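Numbering of residues begins at 1 and proceeds along the displayed sequence. All values derive from a computational prediction rather than experimental measurement.
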Amino acid sequence: MLAAIAIVAVAIVAARLLVRSQGDWKDGSPAWSPDGKSIAFYSERDGNAEIYVMNADGTKVTRLTRTSADEGYPAWSPDGRTISFDSDRDGNFDVFAMDAGGGHVRPITRHPARDVSAAWAPDGSAILFMSDREDGGFDVYRAAVDPGAAATRLTRTKTAWFPVFSPDGRTLAFHVGRDLHTMPAAGGDLRRLTTDPANGMYPSWSPDGTRLAFMSWRNGKTEIFTMNADGSDQKKLVSMDEGDAVDPRWSPDGSQIAFVHLPGGLNGSAAVICVVNADGTALRHLR
């Protein structure tokens, strides 16, 4: 009887391992290294969300963080030596930085509110991030890459998400509610580039600054689009046969776009990082 129970237990464990090996976990927030050779990302493959890095073809996956906290949204510094990420390791979400190999973890922000989704200025001197530290909604802030540096609030919308610098550092892109906007990095009026239901979210600049990749659910599911930086010439790039495509990230040389495929839809149990050529050809899963 005990032997039979042991066999059943082994079979259950083996079945679970098989499911995990087939990719029933979530990877997300792909971030290209400045040289285009690596992609940092978060993954729940080992339980909680941690930061990993892999070769740009999906090989040689290396885990960088090891905590009981949830960590996500990695971003490389322009010199490739540092990776910023979100973590609630101290009780609430702040932006942290670590060496590209995973060492020397240190905070960039320290605030009782939620500071998340950092993006580096092209010269590496500052980050953008979104925070709900005022008014209870998320807005865009800027801070020097210095522990405890004062943050400057740039928007007052209560729904500004996922800000990124343009390659020349002069313009910011982010979405407000369901629509993509830009604004001068020095401050000024917001420019709306999409209009819900033809919405746009999660912007990513092309390296030459002329186009933006973004996700939209204007056709009933989330798909990847690109458009000119002024909002014109909106074109669908990726639509998956099954599930959704979210969170596009343009490669440093402009030839590819990484994104996340949700095979079971937005509420599914799996999320897989993919790469597609910038013209929409040669889509491949990196798992």
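Not a single side-chain hydrogen bond (donor to acceptor under 3.5 Å, both in side chains) links T159 to another residue, sequence neighbours left out. With sequence neighbours left out, F174 forms a ring pair (Phe, Tyr, Trp, His ring centres under 6.0 Å) with no residue at all. For the side-chain hydrogen bond (donor to acceptor under 3.5 Å, both in side chains) test, residues two or more places apart in sequence or in another chain that qualify with S125 are D123. For F93, there are no ring pair (Phe, Tyr, Trp, His ring centres under 6.0 Å) partners two or more places apart in sequence or in a different chain. Every side-chain hydrogen bond (donor to acceptor under 3.5 Å, both in side chains) that S87 has, sequence neighbours left out, goes to E71, R89. With sequence neighbours excluded, the residues satisfying ring pair (Phe, Tyr, Trp, His ring centres under 6.0 Å) with H261 are H285. In this view, E50 and N48, R63, T65 satisfy the side-chain hydrogen bond (donor to acceptor under 3.5 Å, both in side chains) rule, not counting sequence neighbours. By the ring pair (Phe, Tyr, Trp, His ring centres under 6.0 Å) test, Y42 is found to be paired with no residue, residues two or more places apart in sequence or in another chain being considered.
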- [ ] Assess whether salt bridge (Lys or Arg N to Asp or Glu O under 4.0 Å) is satisfied between D135 and R153, documenting all intermediate values.
- [x] CA-CA 12 Å; D135 301 335; R153 185 176 181 178; 2.9 Å; yes
TODO: Apply side chain to side chain contact (heavy atoms under 4.5 Å, CB included) to the pair L262 and V246, showing each step before the final yes or no.
DONE: CA-CA 8 Å; L262 308 175; V246 302; 4.1 Å; yes
TODO: Determine, step by step, whether S38 and W76 satisfy the side chain to side chain contact (heavy atoms under 4.5 Å, CB included) criterion, reporting the C-alpha distance in whole Å, the side-chain angles of both residues, the deciding distance to 0.1 Å, and the verdict.
DONE: CA-CA 10 Å; S38 302; W76 297 79; 4.1 Å; yes
- [ ] Might you work through the side chain to side chain contact (heavy atoms under 4.5 Å, CB included) test for D94 and I108, ending with a clear yes or no?
- [x] CA-CA 8 Å; D94 277 303; I108 299 180; over 6 Å; no
TODO: For the pair D99 and R81, evaluate salt bridge (Lys or Arg N to Asp or Glu O under 4.0 Å) and give the outcome as yes or no after the intermediate values.
DONE: CA-CA 6 Å; D99 295 345; R81 299 171 59 184; over 6 Å; no
TODO: Evaluate salt bridge (Lys or Arg N to Asp or Glu O under 4.0 Å) for R191 paired with D189, printing each intermediate quantity in order.
DONE: CA-CA 6 Å; R191 180 177 186 177; D189 294 335; over 6 Å; no
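The aromatic rings of F138 and W161 sit tilted, their planes meeting at an angle between 30° and 60°.
Side-chain atoms of R284 and Q256 include a donor-acceptor pair closer than 3.5 Å.
For the atom pair OG of S269 and NZ of K26, the computed distance is 7.5 Å after rounding to the nearest 0.5 Å.
A donor-acceptor pair under 3.5 Å links the side-chain atoms of W32 to the main chain of R249, judged by distance alone. With S206 contributing its side chain and L212 its backbone, the two residues share no donor-acceptor pair below 3.5 Å.
Electrostatic pairing of D279 and K235 does not count as a salt bridge here, judged by no charged N lying under 4.0 Å from a carboxylate O. Salt bridge D179/R192: present, at least one basic N to carboxylate O contact under 4.0 Å. A salt bridge between R114 and D88 is absent, with no side-chain N of the basic residue lying under 4.0 Å from a carboxylate O of the acidic one.
Each ring-ring contact (aromatic ring centres under 6.0 Å, His included) pair with one or both residues in residues 99-131, not counting sequence neighbours, appears once here: F129-Y141. Contacts classified as salt bridge (Lys or Arg N to Asp or Glu O under 4.0 Å) and involving residues 156-175 (residues at least two apart or in different chains) are not found. Listed by first then second residue, pairs satisfying salt bridge (Lys or Arg N to Asp or Glu O under 4.0 Å) with a partner in residues 199-212 read R211-D233, not counting sequence neighbours. Evaluation of the salt bridge (Lys or Arg N to Asp or Glu O under 4.0 Å) test over residues 236-246, restricted to residues two or more places apart or in two chains, returns E223-K236.
A distance of 6.0 Å or more separates the ring centres of F214 and Y202.
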